[in-house]
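Excluded from the calculations below are hydrogen atoms, water molecules and symmetry mates; all remaining heavy atoms, backbone and side chain alike, are included. Letters A, B, ... mirror the listed sequences (proteins, then strands); counts begin at 1.
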2 protein chains.
Amino acid sequence: MEESLKLDHSECQNKIRPVRDALELLSGKWKLPIILSLWLGDKRFSEVSKEVNGITDRMLSKELRDLEINGLVKRVIHDSYPVVVEYTLTDYGKTLKPVIDALGIWGMAHRNRLMSEWKKNPTG
Amino acid sequence: MEESLKLDHSECQNKIRPVRDALELLSGKWKLPIILSLWLGDKRFSEVSKEVNGITDRMLSKELRDLEINGLVKRVIHDSYPVVVEYTLTDYGKTLKPVIDALGIWGMAHRNRLMSEWKKNPTG
DNA sequence: TATATTACTATACTGTTGTATAGTTTCTGT
DNA sequence: ACAGAAACTATACAACAGTATAGTAATATA
């Protein structure tokens, strides 16, 4: 009995871990905007910087490195003046589509729900 | 041209917002463990506390309130000795299933990928 | 009266995430 | 020689998420 409870619990932990992994990979203020910016096409550092409103160089650099380490983004250096660095979403990065879609669909429904609640009772 | 770029950008923002909403609702150290604990059945405060390893009362209280405000969890007070409070996942909370599944599937694939990379080059 | 249980709240602290601002390197046009 | 651009890095700081520890209210039992 004790034993089976523990099994259930550790099974649950095993199920939760990959969910957390995926969540952590996407969470934070800047990862999604950066990924979506690159989804529309390869970009240089300064181009992403312009497109992702409000991000500092430091954060952009850090987040791009993070995404690169996880294999979602590839960094390509062009030997030109001035050194041009292009970032591209990898095919692997694009496998995130179903995840982002699922989040988006639920998030949309949630917004609609909150809206209709507010219509029923505007003062909250 | 300028105009169409701006449109693209704001459209993109509109798409990103619900994704972020959903992400924020699930992110943090404790929300997923709590949700999954309640998925297996209604629980009292102290039962969740025992099941979700390492959480403090303060965090549990805060997160449960947060989940309640977002309509994912319902708080039911039983008038008994000592006061018993039961938390249940709402039907609405259960609509998160496809989201959590999508995260879990991707996270699992990611783990496998990292494992097979490690096998190719164990020293990193 | 003292102690125990449940479901919390209060206060103070730490650690991580993100911000602000400036500096570095390499190159090139003037 | 100097200014300027690209792609960063360094340092210091602020804000927020989370932790540690203790305390509270209601009720019951010894």
Side-chain angles (χ1 to χ4, degrees), chain A residues 16-17 19-38 41-70 72-89, chain B residues 16-17 19-38 41-70 72-89:
Chain A
I16 221 178
R17 220 167 296 156
V19 181
R20 296 179 71 87
D21 288 350
L23 214 47
E24 266 160 41
L25 234 125
L26 293 176
S27 68
K29 192 171 176 182
W30 302 113
K31 299 239 171 74
L32 267 177
I34 292 170
I35 289 170
L36 293 204
S37 162
L38 293 178
D42 305 352
K43 301 249 159 57
R44 290 160 57 184
F45 187 91
S46 51
E47 289 173 326
V48 181
S49 172
K50 261 172 240 157
E51 235 181 70
V52 177
N53 221 308
I55 195 168
T56 60
D57 284 357
R58 181 198 148 113
M59 270 295 117
L60 181 51
S61 170
K62 187 180 154 294
E63 299 289 59
L64 282 171
R65 205 179 319 131
D66 220 69
L67 293 169
E68 199 198 349
I69 286 168
N70 279 291
L72 305 179
V73 159
K74 197 176 172 192
R75 187 170 176 271
V76 185
I77 304 172
H78 296 282
D79 191 3
S80 64
Y81 156 73
V83 178
V84 163
V85 182
E86 254 198 349
Y87 293 88
T88 74
L89 250 203
Chain B
I16 222 177
R17 221 166 298 156
V19 182
R20 296 178 71 85
D21 288 350
L23 213 47
E24 266 160 43
L25 233 125
L26 293 176
S27 68
K29 190 171 177 183
W30 302 112
K31 299 237 171 76
L32 266 176
I34 292 170
I35 289 171
L36 294 205
S37 162
L38 293 179
D42 305 351
K43 301 250 158 58
R44 291 159 57 181
F45 188 91
S46 51
E47 288 172 326
V48 181
S49 171
K50 262 172 238 155
E51 234 181 71
V52 176
N53 219 310
I55 196 167
T56 59
D57 284 358
R58 181 198 149 114
M59 271 293 116
L60 181 52
S61 170
K62 188 182 155 292
E63 300 290 58
L64 282 171
R65 205 178 319 131
D66 220 71
L67 294 169
E68 198 199 350
I69 286 168
N70 279 290
L72 304 179
V73 159
K74 198 176 170 194
R75 187 170 177 272
V76 185
I77 303 173
H78 296 282
D79 192 3
S80 63
Y81 157 75
V83 179
V84 163
V85 183
E86 253 199 348
Y87 292 90
T88 74
L89 249 203

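Atom CE in Met59(A) sits roughly 19 Å away from atom P in dA7(D) (whole-Å rounding).
Nearest-nucleotide positions on DNA chain C for Ser27(A) and Leu64(B) put Leu64(B) closer to the 5' end.
A heavy-atom distance below 4.5 Å is found between the side chains of Leu64(A) and Phe45(A).
Protein chain B touches strand DNA chain C; the 5'-most and 3'-most nucleotides with an atom under 4.0 angstrom of its non-hydrogen atoms are dT6(C) to dA12(C).
Taking side-chain N and O atoms only, Ser46(A) has a distance below 4.0 Å to OP1 or OP2 of dA7(D). Proximity of Lys62(A) to the phosphate of dC8(D): no side-chain N or O atom is located under 4.0 Å from OP1 or OP2. One finds no side-chain N or O of Tyr87(A) lying less than 4.0 angstrom from the OP1 or OP2 phosphate oxygen of dA6(D).
Counting non-hydrogen atoms under 4.0 angstrom, Arg58(A) reaches a base of the nucleic acid.
Applying the side chain to side chain contact (heavy atoms under 4.5 Å, CB included) criterion to Glu47(B), with sequence neighbours excluded, gives Lys43(B), Arg44(B). Here Ser49(A) pairs with Asp57(A), Leu60(A) under the side chain to side chain contact (heavy atoms under 4.5 Å, CB included) rule; sequence neighbours left out.
Smallest separation of non-hydrogen atoms from Glu51(B) and Ser37(B): OE1-OG, 3.1 Å.
At distances below 3.5 Å, at least one donor-acceptor pair connects side-chain atoms of Asn70(B) with backbone N or O atoms of Asp66(B).
With axes fitted over five pairs at each extremity, the angle between the ends of the helix from dT1(C)-dA30(D) to dT30(C)-dA1(D) is 30° (10° resolution).
Contacts classified as side chain to side chain donor-acceptor pair (under 3.5 Å) and involving residues 21-35 of chain A (residues at least two apart or in different chains) are given here: Asp21(A)-Arg111(B).
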Within the sub-3.5 Å range, which N or O atoms of nucleotides 23-28 of chain D have a protein N or O partner, and how far apart are they?
none

